[in-house]
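Structure record follows, encoded as structure tokens.
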Amino acid sequence: MANPIEVTVPDIGDFKDVEVIELLVKAGDAVEKEQSLVTLESDKATMEIPSPDTGVVKELKLKLGDKVSQGALILLLEAGAGGGAAQAPSQAEAAPRPSAPAPAAASAEAKGVAPPPARSDVSDEVPPLPPVHGRPVPHMPRDELVSKPHASPSVRRFARELGVDLTRVQGRGPKGRITHADVQGFVKSALAGTAPATRGGGGALPFDLPAWPDVDFAKFGPIETKKRSRIQKLSGANLHRNWISIPHVTQFDEADISELEAFRKSNTAETEKRGFKLTMLAFLIKACVTALKQYPQFNAALEKSGENLIIRGYYHIGVAVDTPDGLVVPVIRDADRKGVFDLAKELGDISKLARDKKLKPGDMQGGTFSISSLGGIGGSAFTPIINAPEVAILGVSRSTMRPVWSGTEFAPRLMLPLSLSYDHRVIDGAAAARFTSYLASVLSDIRRSLL
Ligand code: CAO
């Protein structure tokens, strides 16, 4: 075996006393020719020093934080079998190599050339950098790079290989630099469902969201860490996707349900005898079906491609149910073919199934429109999140008795607040206002549901 090669810092132009910020190999590692060995960083540029040959690292001669200039010894490399003829690059030839990924070259962010995209959907291939011919490349002041994640080319490459969007990764290296370990940690938490979501809506966002704040909460007071349930993680991810990919608008309205409430109360004794509860929600489902028939685009779905709207000839109503493990949305099928008593009984049954964790996946599929009722709890209005691919959802808050002007006098009326969120790509504001007005009129006189 030939004597170990001394691998030194090649010509890095005018850069002097440049800090070693990453050791990418250790003693005993087998390395390929051109594989990055260490990362150096000046105020202006990040550089990776490639291996001049294939071989095994015998001894590392640098440590993190060292300041180096051209000629500084990096490591001793035992050239691999057949690679004994390899020589340490001369100072003049080490850096430039037209096809080399980043030989002694400042990373693209410091080159004044278009940087390789930091997106997660770029190809795995590392974009070739132009030859630098041993000259330091023009650099960009650090403050022009504020929006770019702070990471070395090898970390960027690693992130690209794993499909990780670096803007979502919290850097824990020196000066907030993102390290290999940070990328690995991000992937682990993404698999566990705890990482900030990646781009939603098929890459619909023209920007990347900043990384989630990483706070040491215990620094500020006592804390308790609680695992989120599987349902919370799953529904949370879906809610996040729907929130950021659907342009939501919420139309608020109110319905005079004074007569309806009297009618409901006159029937509760009977339904109690039959073993179920008759709440306002059953009437709301019925009234919504009537309004959906009148305004079919609210019962539609947006096709994944965005090309077509699917108008559905069935009325499967999703109902948000609050359970100790989180929110679930079971679906009441063919609500148009069921009477209010049937709906009330089914509502009771599915909310019990939901709370007993006995819903099957099929029970939560196929919905055409959803209702989220917080009426049993309180509040006067809220903005429900649409359940994609549906295009609208009705939020219902607690009814209150209020004086309402009849035209000649104030009269006490029971008013039900309605909050309709709709996908503005599919539904115009005027249509939404018509829908809620119509729904309110149906609730004011439920006999309209029979028409
Ligand atoms: N105004 C006034 N009172 C109302 C009301 C309203 N709009 N809606 C229901 N109530 C009353 C009911 O009549 C019932 O009164 P009694 O206890 O006197 O009989 C009480 O509130 C409790 O109703 P309920 O919640 O048991 O029944 P429901 O049919 O209204 O709702 C269900 C069923 C499953 C939807 C509900 O229990 C639930 O889980 N709601 C939460 C949904 C949710 O979390 N949505 C948020 C999604 S966005 O994060």
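Atoms within a ligand are numbered from 1 in the order they appear, just like the ligands themselves. In this chain, numbering begins with 1 at the start of the sequence shown. Just so you know, these numbers use all the heavy atoms, side chains as well, and skip hydrogens, waters and symmetry mates.
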* Short N/O distance, under 3.5 Å, between S399 and ligand 1? -> yes
Where ligand 1 meets [X] - atom numbers and elements under 4.0 angstrom, heavy-atom basis:
X	result
S372	45 (N), 46 (C), 47 (C), 48 (S)
L281	29 (O), 31 (O), 33 (C), 35 (C)
L416	7 (N)

* To do: Determine the minimum heavy-atom distance between M401 and L414, stating which atoms define it.
  => SD-N, 3.5 Å
For [atom], what's the nearest protein heavy atom and its distance?
atom	answer
atom 44 (O) of ligand 1	D322 CB, 3.5 Å
atom 28 (P) of ligand 1	T279 OG1, 3.6 Å
atom 39 (O) of ligand 1	R355 NH2, 2.8 Å
atom 40 (N) of ligand 1	S373 O, 3.1 Å
atom 17 (O) of ligand 1	K277 NZ, 3.7 Å
atom 49 (O) of ligand 1	L327 CD2, 4.0 Å
atom 20 (C) of ligand 1	G376 CA, 4.0 Å

* Asked: Rounded to the nearest 0.5 Å, how far apart are CG of L309 and CD1 of I427?
  -> 8.5 Å
* Asked: To the nearest 0.5 Å, what is the distance between CG (L416) and CG (L443)?
  -> 6.5 Å
* Heavy-atom side-chain contact between S51 and K33 under 4.5 Å -> no
* Answer whether the closest heavy-atom distance between the side chains of V38 and E48 falls below 4.5 Å. => no
* Pairwise salt bridge (Lys or Arg N to Asp or Glu O under 4.0 Å) hits with a residue in residues 362-383, at least two apart -> none
* Which pairs pass salt bridge (Lys or Arg N to Asp or Glu O under 4.0 Å) with one or both residues in residues 421-433, sequence neighbours excluded? -> D423-R425
* Thinking salt bridges, do R333 and E346 make one under a 4.0 Å N-O criterion? -> no
Is ligand 1 under 4.0 Å from a heavy atom in the side chain of [X], in the backbone, in both, or in neither?
X	answer
I385	neither
E272	neither
S397	backbone

Shortest heavy-atom approach to [atom] - which of [options]:
atom	options	value
atom 43 (C) of ligand 1	L418, L374, T400	L374
atom 35 (C) of ligand 1	G379, S351, A320	A320
atom 4 (C) of ligand 1	G348, G375, P330, S235	G375

* **Plane angle bin for F298 and Y295 - parallel if under 30°, tilted between 30 and 60°, otherwise perpendicular** => perpendicular
* To do: Measure the acute angle between the ring planes of F435 and F369, then classify it against the limits of 30° and 60° as parallel, tilted or perpendicular.
  => tilted
* Asked: Does the D445 side chain pair with the main chain of R447, one donor and one acceptor, at a distance under 3.5 Å?
  -> yes
* Quick one: does R398 get within less than 4.0 Å of ligand 1, heavy atoms only? -> yes
